[in-house]
2 protein chains.
Amino acid sequence: MDRRTPALKSGEALLFLTDEQLRQGIEAMFFAYRGFTADPDRILADLAYGRAHHRAIHFINRAPGTTVNNLLNLLGVTKQSLNRVLRTLVADGLVQSTVGRQDKRERHLNLTQAGHELEQTLSDAQRARMRAAYREAGPEAVAGFRTVLEAMMDNEMRASYARLKDIGP
Amino acid sequence: MDRRTPALKSGEALLFLTDEQLRQGIEAMFFAYRGFTADPDRILADLAYGRAHHRAIHFINRAPGTTVNNLLNLLGVTKQSLNRVLRTLVADGLVQSTVGRQDKRERHLNLTQAGHELEQTLSDAQRARMRAAYREAGPEAVAGFRTVLEAMMDNEMRASYARLKDIGP
DNA sequence: ACTTTATGTCAGTGTTGTTGACACTCCAAG
DNA sequence: CTTGGAGTGTCAACAACACTGACATAAAGT
């Protein structure tokens, strides 16, 4: 059985994507994601924190003052799941949770000084690997990498991604 | 503070990688991986299986007759963790475990007919998304995507990845 | 015979996801 | 103004899946 599939992209040559090519892409994603998380995971293991804490810290740093609900949608977990993580981060003095001024139902989340320091440590580790990979691959490859990843996201996530991108550094 | 870092790649122009660019890459990986696993996860949820079962089935399909130890290294988990998953898959008649002929300590793992059917269902879902992303991004982007992912892996994983790639379809 | 290797199992623990139940706040309809 | 619904956050219990440690068995290697 011939399992090739033709695809026409405007202005592009015909694309033949065999199951084999796609499978290799799938396995590349799997192995690369392991590497992607390996360095922060090592740091977090010593601190009795996990990947969930890292993600929370990352996005609170990205969108300071964000609400719990906002963070929930970004991370794609239930509020109960996020709450456990936030509770420990607040208890450990890494995150500050302040009641909303207009709407007192909301809690606005910010990193404390200690929180910023951990964020920096984790980001540095993750960026180091990303930087090495980017340099090794070269600029054209990086552009393609980003293009494919964006195309792979769900619409909601792509929207979140774009929104964060626009916030700027 | 200027946090740009110059990098020279042979034959390439100087690469300036800001923390902002790297951060975007990190977030792209995060959101894309969510999309990457979303479709199989939905299917598995109805079957009382999880991502761990999917990974086991995927690699048993890729390397039929592989041993437990082999699979362990590929997946990067402990034998206790894998064993729990394999036990249910064998009990449910999706995986067959046969004692090795030369080395009777080893167990060779193969998918049963039912196992192949589930593998096909899961792969089809995951490939559909990958195929759509590949088509949308175009061939040059795909090449870059693969290059960056390979550069992001740990050495061990890159070796596993290459070994699987050589097995062919 | 002794050691190492491959595998399986039991028990215990931690992180991270889930649902269910509940409290507090806001807002709008009566 | 009160009341009810919607939004937001918290607590409790449970499930999935990873981990370590300890131990048993069988077979291969020395």
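Quick note on labels: first sequence line is chain A, next is B, and so on, each numbered from 1.
Taking A:Tyr33 as the reference, A:Phe36, B:Tyr33 meet the ring-ring contact (aromatic ring centres under 6.0 Å, His included) condition, with sequence neighbours excluded. Partners of B:His53 by ring-ring contact (aromatic ring centres under 6.0 Å, His included), not counting sequence neighbours, listed by chain and number: B:Tyr49. Considering only residues two or more places apart in sequence or on other chains, A:Asp39 meets the salt bridge (Lys or Arg N to Asp or Glu O under 4.0 Å) condition with A:Arg42, A:Arg129.
Summarising the geometry, atom OG1 belonging to A:Thr98 is positioned 7.5 Å from atom CG belonging to A:Leu109; distances are rounded to the nearest 0.5 Å. Between the CG atom in A:Asn83 and the CZ atom in A:Arg107 there is a gap of 10.0 Å [rounded to 0.5 Å]. Residue B:Phe145 holds its CZ atom at 7.5 Å from CZ of A:Phe145, rounded to the nearest 0.5 Å. Put simply, CG on A:Asp154 and CZ on B:Arg34 are 8.0 Å apart, with the number rounded to the nearest 0.5 Å. Here B:Leu111 contributes atom CG and B:Leu94 contributes atom CG; the two are 8.0 Å apart, rounded to the nearest 0.5 Å. Note that the CD atom of A:Gln126 and the CG atom of A:Asp41 stand 9.0 Å from one another [nearest 0.5 Å].
Protein atom CZ of A:Arg42 is 14 Å distant from nucleotide atom P of D:dC19, rounded to whole Å. Distance CD (A:Gln102) to P (C:dC26): 11 Å, rounded to an integer number of Å. In this structure, A:Glu106 places its CD atom 14 Å from C1' of C:dC27, rounding to the nearest Å. For the pair A:Arg107 CZ and C:dA23 C1', the interatomic distance rounds to 11 Å; values are reported in whole Å. A straight line from CG of A:Asn70 to C1' of D:dG7 spans 14 Å, rounded to a whole angstrom. The nearest whole Å value for the distance from the NZ atom in B:Lys104 to the C1' atom in C:dG8 is 19 Å. Atom CG of A:Leu71 and atom P of D:dG7 are 19 Å apart (whole Å).
Toward the 5′ end of DNA chain C lies the nearest nucleotide of B:Ser97, the other residue of the pair A:Arg101 and B:Ser97 mapping further downstream.
For CD of A:Glu156, the number of neighbouring non-hydrogen atoms (other residues, nucleotides, ligands) closer than 6.0 Å is 12 at most.
Contacts between residues 73-94 of chain A and DNA chain C, defined by a heavy-atom separation under 4.0 Å, are made by A:Val77, A:Thr78, A:Gln80, A:Ser81, A:Arg84. A heavy-atom distance below 4.0 Å to DNA chain D is reached by these residues of residues 44-57 of chain B, ordered by number: B:Gly50, B:Arg51, B:Ala52, B:His53, B:Arg55.
Using cut-offs of 30° and 60° on the angle between ring planes, the pair B:Phe31 and A:Tyr161 is perpendicular.
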Please write out the pairs of protein N or O atoms and N or O atoms of nucleotides 2-5 of chain C separated by less than 3.5 Å, giving the distance to one decimal.
residue : atom : partner  : partner atom : Å
C:dT5   : O2   : B:Arg105 : NH1          : 2.4

